[in-house]
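Residue numbering restarts at 1 for every chain, and letters A, B, ... go by the order of the sequence lines.
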Amino acid sequence: MQESLDFLREIVRRDTRSGVYGGRVVTRFPPEPNGFLHIGHAKSICINFGIARDFGGICHLRFDDTNPETEDMKYVESIMRDVRWLGFDWKDKLFFASDYYEQLYDLAVRLIKDAKAYVDSQSDEEIRKARGTITEPGIGSPYRSRPVAENLDLFSRMRAGDFPDGAHVLRAKIDMASRNMKMRDPLLYRIRHATHYRRGDAWCIYPMYDFAHPLSDAIEGITHSICTLEFENNRAIYDWLVDNLFREPRPRQYEFARLNLDYTVMSKRKLLQLVEEKLVSGWDDPRMPTIAGMRRRGYTPEGIRLFASRIGVDKANSRVSMDLLEDAIRDDLNARAPRAMAVLRPLKVTITNWPDDRVEWLQVPSWPRDIGKEGSRKVPLTREVRIERTDFSVDPPADWRRMRPGGEARLMGAYFIRCDEVLRDPSSGKVTELLCSYDPESLGAPAKGERKKTTAIQWVSASHAIPAEVRLYDRLFTVADPENMEEGRSFKEFLAPASMEVVREALVEPALAEPPPGDRFQFVRHGYFIVDEVDSRPGAPVFNRIVGLKDKYRPAGSAVKPADRS
RNA sequence: UGGGGAGUGGUGAAAUGGAAUCACACGUGGCUCUGACCCACGGUUUCCAGGUUCGAGCCCUGGCUCCCCAGCCA
């Protein structure tokens, strides 16, 4: 019996069986602390930590912090929080490339001594020009055959701070005519008189990614270094460096396709722009595809991991539909979010045969039968209640199951009521109130006859309901691929005008008067909601819609939604 | 134009020379005190053209399309 593995696990299994690494499996998640993690990183985290877990190995968390100008401690903190929140544990394997600066420097010196690296004193402009193009070979730097002793001297003076930014760089001596542009004597070190968030002013030369990354992997004993497709060309440098400086068995790099999600953006630059230009409320705006945003939105780690496992891993560039993510979230929430009643757009209903002062506290189950969980709460029924405006239609389509003039529907967990009379505002004609009568025999009784064609609707007692703010989130963009705009257009032009709707007149059942921030509920027939961690207050709860329920209902022969009727 | 990758229902993935499978989406029907959940059924013939083979999504040849590479970013 052999379940099918993705191509990465296939490779890891091959290597554990052949024993090249003595059975060890060591992966790593290597973020640069210069931004917040997003759903694309979540995919990578699930792959790297997931593979380590599946093969009894370990996944390191290593910050690839080699650029002092963009990195910050606040990012390492948020990244650690996000990885933990997602449910992964790097144990004591927390590393920083910036802790390897001394070792990396020594490795660079070895390369120089082996005549495999040299100090280039051309300007950045000259270097760029001499690199050639994809069709023309590059030209060797005039400094390319600088004597080893001179290179050594220059490199140590670079470190000592004898030169200004840009005066020299250290380059690998590989092949200026390589068909692979990345191999045309890649830069290894640059001078940068900048304060590093961890090393302060200890260094004024900093290693480039192409140098620091493979060597950090080798230093840590990584076996499988998994990254995204755009680094395929860099693998040649990776191999060149590690082969020249380390012994077998040594780490190898494998690439997979990064995640693209419909109706959102994933690039750090664009995400940063949304935040800085205040087009969203921050990195944790519930509409953001960041881990922080999804956390505040109410997405669960389990749901996100389920999503990651459902999309799989491959090398084909792809774009995943939001439906896949939302369904994974719903799938997880269905079994863990207790049901409650909320009315978002209230319509007044008076039960005319119910005594004015009678309050009946009904015990309503918090879970549907098929979930199989115990639990219920008390919901008060009174003469005056509120139902959803969209649950009443004066002129309903044939397959309507909700309230209609003269028709019946069950108040969920309570009695059937019949709509005897419809009151309207004389000037606008708008329905203002329903006068109904309830059937005292119908509590807990199975529906029969015509009643079987109706559905149970949510409701709240007018006198006991708690006013609540409900925030309905929707996709941030109006087009599926806002990152791929035609020339001269900005992705910002496609921001959805109503990606957040704030409903202030919502009413929730009294059990939800003081909900603990972070608690999740299913508001029946609406969707899943979370008590906002920032703005919710006891007595004035604020709920974020995590994701709506699926709704297959379309009025027969009409494109008009129930919300637009009556 | 050079080099490196990738093409399987609408979307994401399986099938590792032997009956194209799964999830999501969509459609139809069933169930239901949530038009949810759940259940059943339905649609693709593997980018194109040849070739090898008893047999090809998988192998070979030639095309086509898309992505990545010319930062002292990662």
Give one of base, sugar-phosphate or nothing for [X], where a contact means two heavy atoms less than 4.0 Å apart.
{"X": "A/Ser123", "answer": "base"}
{"X": "A/Asn234", "answer": "base"}
{"X": "A/Asp64", "answer": "sugar-phosphate"}
{"X": "A/Phe231", "answer": "base"}
{"X": "A/Lys182", "answer": "base"}
{"X": "A/Gln458", "answer": "nothing"}
{"X": "A/Arg319", "answer": "sugar-phosphate"}
{"X": "A/Ile134", "answer": "base"}
{"X": "A/Glu126", "answer": "nothing"}
{"X": "A/Thr66", "answer": "sugar-phosphate"}
{"X": "A/Thr133", "answer": "base"}

Integer angstrom distance from the [atom1] of [N] to that of [M]:
{"N": "B/U8", "M": "B/G43", "atom1": "C1'", "result": "16 Å"}
{"N": "B/G9", "M": "B/C47", "atom1": "C1'", "result": "15 Å"}
{"N": "B/G42", "M": "B/G3", "atom1": "P", "result": "48 Å"}
{"N": "B/A49", "M": "B/A36", "atom1": "C1'", "result": "49 Å"}
{"N": "B/C60", "M": "B/G4", "atom1": "P", "result": "16 Å"}
{"N": "B/A56", "M": "B/A70", "atom1": "P", "result": "43 Å"}
{"N": "B/G18", "M": "B/G57", "atom1": "C1'", "result": "13 Å"}
{"N": "B/C24", "M": "B/G50", "atom1": "C1'", "result": "37 Å"}

For atom [atom1] of [X] and atom [atom2] of [N], their distance in whole Å:
{"X": "A/Asp323", "N": "B/A13", "atom1": "CG", "atom2": "C1'", "answer": "16 Å"}
{"X": "A/Leu229", "N": "B/C69", "atom1": "CG", "atom2": "C1'", "answer": "12 Å"}
{"X": "A/Arg258", "N": "B/A13", "atom1": "CZ", "atom2": "C1'", "answer": "20 Å"}
{"X": "A/Arg475", "N": "B/A25", "atom1": "CZ", "atom2": "C1'", "answer": "12 Å"}
{"X": "A/Glu255", "N": "B/C69", "atom1": "CD", "atom2": "P", "answer": "14 Å"}

Which of these nucleotides, [options], is closest to any side-chain atom of [X]?
{"X": "A/Lys315", "options": "B/A25, B/G5, B/C68", "answer": "B/G5"}
{"X": "A/Asn233", "options": "B/A70, B/C68, B/A25", "answer": "B/C68"}
{"X": "A/Met181", "options": "B/C69, B/C24, B/A74", "answer": "B/C69"}

Cation-pi geometry met for [X] and [Y] (6.0 Å, 45°):
{"X": "A/Lys378", "Y": "A/Trp361", "answer": "no"}
{"X": "A/Arg159", "Y": "A/Trp203", "answer": "yes"}
{"X": "A/Arg451", "Y": "A/Phe416", "answer": "yes"}
{"X": "A/Arg369", "Y": "A/Trp367", "answer": "no"}

Greater than 12 external heavy atoms within 6.0 Å of A/Lys373's NZ: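 Check passes, neighbour count above 12.
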
Over 12 non-hydrogen atoms of neighbours within 6.0 angstrom of CD in A/Gln363: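 Enclosed: over 12 neighbouring heavy atoms sit under 6.0 Å from CD of A/Gln363.
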
A/Phe529 ring center within less than 6.0 Å of A/Phe521 ring center: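 No.
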
Using Watson-Crick or G-U wobble geometry with both distances under 3.5 Å, which nucleotide pairs with [N]?
{"N": "B/A23", "answer": "B/U11"}
{"N": "B/U53", "answer": "none"}
{"N": "B/A40", "answer": "B/U28"}
{"N": "B/G62", "answer": "B/C48"}

A/Leu344 and its side chain to side chain contact (heavy atoms under 4.5 Å, CB included) partner, picked from A/Leu507, A/Thr390, A/Leu472: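 Running side chain to side chain contact (heavy atoms under 4.5 Å, CB included) over A/Leu507, A/Thr390, A/Leu472 with A/Leu344 returns exactly one hit, A/Leu472.
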
Are [X] and [N] close enough that a side-chain N or O sits under 4.0 Å from OP1 or OP2?
{"X": "A/Lys268", "N": "B/A74", "value": "no"}
{"X": "A/Arg131", "N": "B/C69", "value": "no"}
{"X": "A/Lys550", "N": "B/A25", "value": "yes"}
{"X": "A/Arg190", "N": "B/A74", "value": "yes"}

Heavy-atom donor-acceptor pair, A/Arg128 side-chain to B/C72 base, under 3.5 Å: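 No.
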
Backbone N/O of A/Gly303 and side chain of A/Thr300: donor-acceptor pair under 3.5 Å: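 Flag set: sc A/Thr300 to bb A/Gly303 pair under 3.5 Å.
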
Heavy-atom closest pair, residues A/Ser98 and A/Arg198: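 Scanning both residues completely, I find the closest heavy atoms to be OG-NH1, 2.8 Å.
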
5' priority, RNA chain B, between A/Gln122 and A/Leu324 [closest heavy atom]: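 Looking at RNA chain B, the more 5' nearest nucleotide goes with A/Leu324.
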
Closest-nucleotide 5' rank along RNA chain B - winner of A/Asp210 and A/Asp6: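 The residue whose closest nucleotide sits nearer the 5' end is A/Asp6.
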
Nucleic acid footprint by protein, nucleotides 29-34 of chain B - heavy-atom cut-off 4.0 Å, B for base, S for sugar-phosphate alone: ---BBB

Assigned glycosidic conformation for B/G43 [threshold 90° from 0]: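 Anti for B/G43; the angle lies over 90° from 0.
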
Salt-bridge present (A/Lys182, A/Asp210; N to O < 4.0 Å):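 Salt bridge between A/Lys182 and A/Asp210, a charged N being under 4.0 Å from a carboxylate O: no.
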
